[in-house]
Amino acid sequence: MLSVFVPTFFLVSLTPGMCMTLSMVLGMTQGVRRSLWMMAGELCGVGLVAAASGAGVAALMLRQPELFAVFKWLGGLYLAYLGIMMWRSRGRMAIPLDSMEMPPASRGQLALQGFVTAVANPKGWAFFVALLPPFLDAGRPLFGQLTVLVALILSIEFVCLLLYAAGGRSLRRLLGETRNLRLLNRFAGSLMIGVGGWLALG
């Protein structure tokens, strides 16, 4: 079972999505090390969604889409606002254009950003509802199975987030060498706005 479960979830996690795009953006603007705080929040959200999906709670949530709507729109608008600030090379998410370093985003802000993006993504709920239950054995205790599978999911997700953040950091270095930091801010801001729109309208 694990020989099918692990590669399946790895390929799905590696596919570009809201959380992976967010990790790449923060890798560019905050660096890989500070992006770990976003990853911590995102992994908490993914773990909550996966556990709830496996336990059947998500079925009730998906029958009441209005519960998602408010959360989705608030989260999407917040990410879009951050993207606009980055586009304008302002705010704590943007890379400073001069030699003066702006205070980076706080750890709490980064963690909350990751958590909201993970939990407010209805596609994530639908994905786990569809894909996780088939790997559960009804003849065995649910808690133990969920613990193992969710731990594997979080490990796979963390590896993929690191890969995207490292890619964003490499892109920053490439553009930074040619002093195109404003272009980098606009590129990252556009991605952030896209993630916000994806979250709100998805």
Side-chain angles (χ1 to χ4, degrees), residues 2 5-54 71-72 75-76 78-80 82-83 86 92-95 104-128 131-132 135 146-175 184-185 187-200 202:
L2 291 179
F5 179 86
V6 171
T8 298
F9 274 83
F10 180 77
L11 290 175
V12 171
S13 293
L14 197 60
T15 302
M18 288 190 298
C19 293
M20 296 303 154
T21 303
L22 180 61
S23 183
M24 184 174 68
V25 169
L26 294 182
M28 285 189 285
T29 61
Q30 298 289 302
V32 176
R33 182 174 297 180
R34 290 198 63 81
S35 297
L36 292 174
W37 290 100
M38 182 282 295
M39 296 179 197
E42 194 267 352
L43 291 175
C44 288
V46 169
L48 177 63
V49 172
S53 300
F71 202 22
K72 275 179 26 177
Y78 175 64
L79 294 180
L82 293 177
M86 293 166 67
R92 295 186 176 185
M93 294 291 179
I95 303 170
S106 70
R107 297 171 179 177
Q109 287 175 321
L110 294 171
L112 180 62
Q113 194 174 355
F115 182 81
V116 169
T117 303
V119 174
N121 181 12
K123 292 182 179 179
W125 286 87
F127 166 75
F128 281 115
L131 204 56
L132 188 56
F135 290 98
L146 273 180
T147 300
V148 173
L149 294 182
V150 170
L152 286 172
I153 290 171
L154 295 182
S155 299
I156 293 168
E157 185 81 357
F158 179 63
V159 170
C160 294
L161 288 170
L162 278 178
L163 290 174
Y164 272 82
R169 183 64 175 177
S170 299
L171 183 59
R172 173 177 176 169
R173 289 175 179 172
L174 177 63
L175 293 180
L184 181 59
N185 276 333
F187 177 67
S190 298
L191 289 177
M192 186 74 80
I193 294 170
V195 171
W198 191 354
L199 180 58

Checklist entry - If we only count heavy atoms from C-beta on, is the E42 to Q113 side-chain gap below 4.5 Å? => result no
Checklist outcome for this item: ring pair (Phe, Tyr, Trp, His ring centres under 6.0 Å) filter on F158, not counting sequence neighbours, yields none
Next on the checklist: Run F5 and I153 through side-chain contact (heavy atoms from CB on, under 4.5 Å) and show every step you take.
Outcome noted: CA-CA 9 Å; F5 179 86; I153 290 171; 3.6 Å; yes
Checklist entry - Can you find a pair of side-chain heavy atoms, one from F115 and one from L48, that are under 4.5 Å apart? => result yes
Item to check | Criterion side chain to side chain contact (heavy atoms under 4.5 Å, CB included) against M38, the qualifying member of L26, L43, V25 | outcome: L26
Item to check | Nearest atoms (heavy-atom pairs only) where S35 meets S23 | outcome: OG-O, 4.5 Å
Item to check | Gap separating the SG atom of C44 from the CG atom of L154, nearest 0.5 angstrom | outcome: 8.5 Å
Next on the checklist: For a 4.5 angstrom cut-off between non-hydrogen side-chain atoms, does L161 reach L36?
Outcome noted: no
Checklist entry - Can you tell me how far the CD atom of E157 sits from the CE atom of M20, to the nearest 0.5 Å? => result 3.5 Å
Item to check | Taking every non-hydrogen atom, the tightest pair across V150 and A50 | outcome: CG2-CB, 4.0 Å
Checklist entry - If every non-hydrogen atom of R169 is compared with every non-hydrogen atom of G31, which pair is closest and at what distance? => result NH1-CA, 3.9 Å
Checklist entry - Hey, does M28 have a side-chain heavy atom less than 4.5 Å from the side chain of F187? => result yes
